Amino acid sequence: QALYSIFKFMPIPILLIILTLILMFNDYRKPLIILLCIPMAFTGIVPGMILAGQPFTFMAIIGSFGLMGMIIKNAIVLIDEIEGLRASGSNTSLALVDATIIRTRPVLLASVTTILGMLPLLTDPMYGSMAVAIISGLIVGTMITLIFVPVLYAVFYKVPPAPLSFNPNDSTL
């Protein structure tokens, strides 16, 4: 009954999220890239639940909904950086690489702070499964966001590979 009550209203927030993303980016491809990351993040939940020996309870479902928001936020931050670099005149392929490098630290720090905040709940009988779902999903989801978003962006926008050049005199290496 509780699941029915939750899932009965799920289409409304999902449609609002999609509408918000489309209005934010004024495009359909960027929201699609973001939404394609969500199922990939859920691949981290199942192994986490198995390793922790936790059942997929009602609280884990609630945690999974929260995880969706975190993954969407991470992907928005990365895509926004890509678009900012492109708007400043950067080559699209280099903008993908640079944006990923620039946003890796903020995305990782946001994920790590959330994971650390969930650690005290791991042993709680009621909230343990939620904590495991968020922690394991966020670990996998963060890595997927940092890898999958630039790859999908390159595929959706037909971005050629970034030129690789090596200068042995470059001291920034």
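Position 1 is the first residue of the sequence, and the numbers go up from there. This structure is a prediction, so every number in the text was calculated from the model and none was measured.
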Does [X] share a hydrophobic cluster with [Y], counting links as ILVMFWY side-chain heavy atoms below 4.5 Å and allowing steps through other members?
X      : Y      : value
Phe56  : Phe58  : yes
Ile61  : Met126 : yes
Val77  : Leu152 : no
Ile101 : Leu109 : no
Val107 : Val97  : no

With sequence neighbours left out, what residues match Phe65 under ring-ring contact (aromatic ring centres under 6.0 Å, His included)?
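ring-ring contact (aromatic ring centres under 6.0 Å, His included) check on Phe65 returns Phe7.
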What donor-acceptor contacts under 3.5 angstrom involve side-chain atoms of residues 136-143, with partners at least two apart or in another chain?
from	atom 1	to	atom 2	distance (Å)
Ser136	OG	Gly44	O	3.1
Ser136	OG	Val132	O	2.7
Thr142	OG1	Ser111	OG	2.7
Thr142	OG1	Leu138	O	2.6

So which atom in Pro55 and which in Met49 form the shortest heavy-atom distance, rounded to 0.1 Å?
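Where Pro55 meets Met49 most closely, the heavy atoms are O-CE, 3.6 Å.
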Nearest heavy atoms of Leu78 and Thr145, plus distance in Å:
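Where Leu78 meets Thr145 most closely, the heavy atoms are CD2-O, 3.5 Å.
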How about Lys8: does its NZ atom have over 12 heavy atoms from other parts shown lying under 6.0 Å from it?
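Atom NZ in Lys8 is crowded, with more than 12 foreign heavy atoms closer than 6.0 Å.
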Between Leu146 and Leu108, is the side-chain contact (heavy atoms from CB on, under 4.5 Å) condition met? List the steps.
CA-CA 9 Å; Leu146 292 171; Leu108 285 176; 4.3 Å; yes
Side-chain donor or acceptor of Thr43 paired with backbone N/O of Pro39 under 3.5 Å:
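Pair absent, no side-chain N/O of Thr43 close to backbone of Pro39.
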Could you state the interatomic distance from CE (Met24) to CG (Leu19), rounded to the nearest 0.5 Å?
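Spacing of CE (Met24) from CG (Leu19) equals 11.0 Å.
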Is there side-chain contact between Lys30 and Tyr153, with heavy atoms separated by less than 4.5 Å?
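A side-chain contact under 4.5 Å exists here.
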